[in-house]
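Just follow the structure's listing: the first ligand is 1, and inside any ligand the first atom is 1. Because the structure is a prediction, the values reported are computed rather than measured.
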Amino acid sequence: MTHMHVAGSIHADVTAPAPVWLTRPEDVNALTPKLWSSTVHRDEDGVISVGGVRLTDLAEQVGTPAYVIDEDDFRARARDWRTAFTGWTVYYAGKSFLCGALARWVDEEGLNLDVCSLGELTVALRAGFDPARIGMHGNNKSETELRLALERGVGRIIVDSSDEIGRLEALCAELGTTANVMIRVTTGVEAHTHEYIATAHEDQKFGFSINGGQALVGMFRCHHSPRLNLLGVHSHIGSQIFDTNGFEVAARRTLKLFSQFREATGIELAELDLGGGFGIAYTKEDDPAPADELARGLRDIVEHECRAFGLAVPAISIEPGRAIVGPAGLALYRVGTVKPVDVGGGVTRRYLSVDGGMSDNIRPALYAAEYSAALASRTSTAEPVVSRVVGVHCEGGDILVRDEFLPADVRIGDLLAVPASGAYSRSMASNYNHTPRPPVVSVRDGKVRTMLRRETLADLLSLDAGLAENEE
Ligand SMILES: Cc1ncc(COP(=O)(O)O)c(C=O)c1O
């Protein structure tokens with residue numbers, strides 16, 4: 001008892017208020033379907049199961065923390081996007097999460113792949129992904145990256161700067177080849193969640209500015225280059241977008257470029273890529289539109305804008321990442337410490353420390369992303385109280401779930417599952433505090449398969465030349 005937080009024990013009945021958007025659940029054990037992958041449910045004894053695997057068993061088998069990907073759910077979402085956008089090309093955005101097995105799923109489900117680094121390209125190629133169906137991004141692609149892309153016949157390189165045009169031309173000349181390119185443009189549209197700003201100024205590192213005229217100059221330069229084959233224009237406007245308003249403005253501005261290019265050259269460009277950024281539900285508050293509704297909206301927009309400019313509708317591509325892998329994944333943690341913290345005014349906040357943290361999910365610390373959580377190893381009849389799920393790292397901002405109603409009796413040893421953790425968690429994970437990164441496992445039909453094994457301390461120590469020297 002000596003370590004118990006005194007204020008916590010005195011005021012434990014007055015818990016921190018919920019933020020306005022977080023409503024008190026009628027049943028704290030209920031799982032809101034839009035947050036979870038499609039096979040998630042509670043077994044009769046209350047344990048959460050995914051892909052036919054009980055999370056208690058999974059924790060025994062692979063340990064915690066761990067990322068769990070529901071293979072059927074991932075494949076179904078990939079198919080949904082492909083079907084909804086029939087006639088368009090869907091590039092899965094590998095930055096959201098990529099490994100060998102997942103690259104093969106993407107391939108088998110008939111999607112193309114967008115990569116943006118030497119590492120992502122190498123994973124895709126080693127997984128046997130057809131290079132012709134790969135798009136290569138990056139605002140500062142190295143010669144090594146471009147060389148590999150050219151040598152392996154990557155389908156399109158999305159060019160981000162005039163420096164890159166020069167680099168690419170020189171490499172093509174050296175290799176005696178040509179490159180299919182798209183020009184990435186900055187439309188001045190910046191979209192996040194429920195809002196978009198159509199007048200956002202273009203003070204950022206990506207792309208060629210439309211406003212500043214660099215976009216058209218870049219397009220002409222590619223068009224006149226004997227080494228480059230200009231396919232079209234690429235625009236990506238943001239992330240976690242729930243409506244099509246931002247895409248409408250971006251499509252108008254990019255298609256105006258198509259029309260200006262035609263005026264100058266007599267040629268209509270073949271392709272427009274509208275990028276990714278389609279939102280998912282991280283909390284009950286988020287209400288993403290289904291892929292088919294988005295597809296209808298985007299098709300109408302493109303057709304309307306093409307009519308307005310008297311253009312034939314070009315081939316269109318999109319690059320969803322999060323919308324496919326995000327909801328298919330969950331992160332599983334074990335509670336190690338429960339601490340009621342007096343936050344003033346007689347109010348107590350319940351801090352649940354788990355065995356992961358900002359090293360396996362940086363998004364809450366990086367841009368205040370909200371998540372949800374559920375008690376995974378059992379149900380509870382205790383009162384729902386606003387709780388904060390925090391990690392093990394030496395940062396006050398090491399928060400995984402800022403506010404969530406969880407049962408008041410969550411205790412040491414319980415498992416917590418954080419849904420919608422498939423995208424930008426493992427792919428942005430770090431080794432902060434010399435923490436090995438968790439494994440990624442897939443589940444399907446009651447079977448657990450390792451996609452990425454758990455990193456070990458030995459993996460990390462093996463990088464340390466100073467320690468290796470000591471051992472000799
Ligand atoms: C060019 C481009 N395409 C696609 C994506 C994927 O975005 P999301 O995973 O939000 O769909 C991103 C994300 O940053 C991006 O920069």
Side-chain angles (χ1 to χ4, degrees), residues 69 74 77-78 80-82 84-85 88-98 102 106 111-117 120-121 124 133-141 145 154-161 164 181-187 189-194 196 202 204-208 215 231-244 246-247 250-251 254 271-282 286 288-291 294-295 298 316-329 361-363 366-367 369 420-428:
I69 309 249
F74 178 93
R77 280 176 211 275
D80 265 7
W81 279 80
R82 190 170 51 76
F85 287 89
W88 292 18
T89 308
V90 180
Y91 284 76
Y92 168 74
K95 70 204 74 176
S96 56
F97 176 63
L98 190 67
L102 192 123
V106 172
L111 271 57
N112 286 12
L113 184 61
D114 144 26
V115 299
C116 67
S117 68
E120 287 178 10
L121 178 56
R133 285 168 47 220
I134 295 178
M136 177 85 192
H137 272 282
N139 67 298
N140 184 23
K141 300 180 195 75
E145 287 170 317
V154 158
R156 61 184 205 179
I157 295 173
I158 295 90
V159 174
D160 203 277
S161 67
E164 187 182 340
V181 299
M182 297 186 86
I183 287 279
R184 176 158 175 179
V185 300
T186 318
T187 56
V189 179
E190 199 185 311
H192 302 284
T193 309
H194 297 285
Y196 77 94
E202 306 182 1
Q204 49 115 338
K205 68 173 185 171
F206 290 111
F208 292 78
L231 300 177
V233 172
H234 182 289
S235 144
H236 172 79
I237 57 172
S239 58
Q240 225 3 36
I241 306 166
F242 287 151
D243 61 35
T244 52
F247 289 102
T254 45
E271 253 188 88
L272 170 63
D273 191 306
L274 293 171
F278 308 98
I280 63 168
Y282 286 103
D286 297 328
L294 284 168
L298 290 181
I316 313 278
S317 43
I318 51 165
E319 297 171 337
R322 178 194 324 264
I324 296 176
V325 74
N361 187 359
I362 190 66
R363 296 188 65 258
L366 189 61
Y367 28 70
S421 297
Y424 304 105
S425 293
R426 177 58 173 80
S427 67
M428 293 179 97

Check ligand 1 against Asp114 and write out every atom of the ligand that is under 4.0 Å from a heavy-atom position of the residue. 3 (N), 4 (C)

Proximal ligand 1 atoms for Arg322, defined as those under 4.0 Å from one of its heavy atoms: 8 (P), 9 (O), 10 (O), 11 (O)

Any idea which heavy atoms bring Val90 and Trp81 closest together, and the distance? CG2-O, 3.8 Å

Residues that Tyr282 engages under ring-ring contact (aromatic ring centres under 6.0 Å, His included), provided they are two or more places apart: Tyr371

The answer for which part of Ile158 has a heavy atom under 4.0 Å from ligand 1 is neither

Is the contact between Pro320 and ligand 1 made by the side chain, the backbone, both, or neither, using heavy atoms and a 4.0 Å cut-off? backbone

With heavy atoms only and a cut-off of under 4.0 Å, state how His236 meets ligand 1: side chain, backbone, both or neither. side chain

N or O pair under 3.5 Å between Gly277 and ligand 1: yes

Using a 3.5 Å distance criterion without hydrogens, assess whether the side chain of Ser427 forms a donor-acceptor pair with backbone atoms of Ser96. yes

For Gly138 and Glu164 the tightest heavy-atom approach is O-OE1, 3.8 Å

Counterpart residues, ring-ring contact (aromatic ring centres under 6.0 Å, His included), relative to Phe97 (two or more places apart): none

For the side chain of Ser117 and the backbone of Glu120, is there at least one donor-acceptor N/O pair under 3.5 Å apart? yes

As a check for students: among Glu319, Gln240, His234, identify the option with a heavy atom nearest to atom 3 (N) of ligand 1. Glu319

Is Thr186 reaching over with its side chain to a backbone N or O of Phe206, donor-acceptor style, under 3.5 angstrom? yes

Of all the atoms in ligand 1, which lie at a distance below 4.0 Å from a heavy atom belonging to Gly321? 8 (P), 9 (O), 11 (O)

With backbone taken as N, CA, C and O and side chain as the heavy atoms from C-beta onward, which portion of Tyr424 lies under 4.0 Å from ligand 1: side chain, backbone, both, or neither? side chain

Which atom names give the shortest non-hydrogen contact between Phe208 and Asp160, and what distance separates them? CE1-C, 3.4 Å

Non-hydrogen atoms of Ala423 versus ligand 1: any pair closer than 4.0 Å? no

Considering only protein heavy atoms, which is closest to atom 2 (C) of ligand 1, and at what distance to one decimal place? Lys95 NZ, 3.3 Å

Within the 4.0 Å heavy-atom cut-off, what Arg184 brings close to ligand 1 is side chain

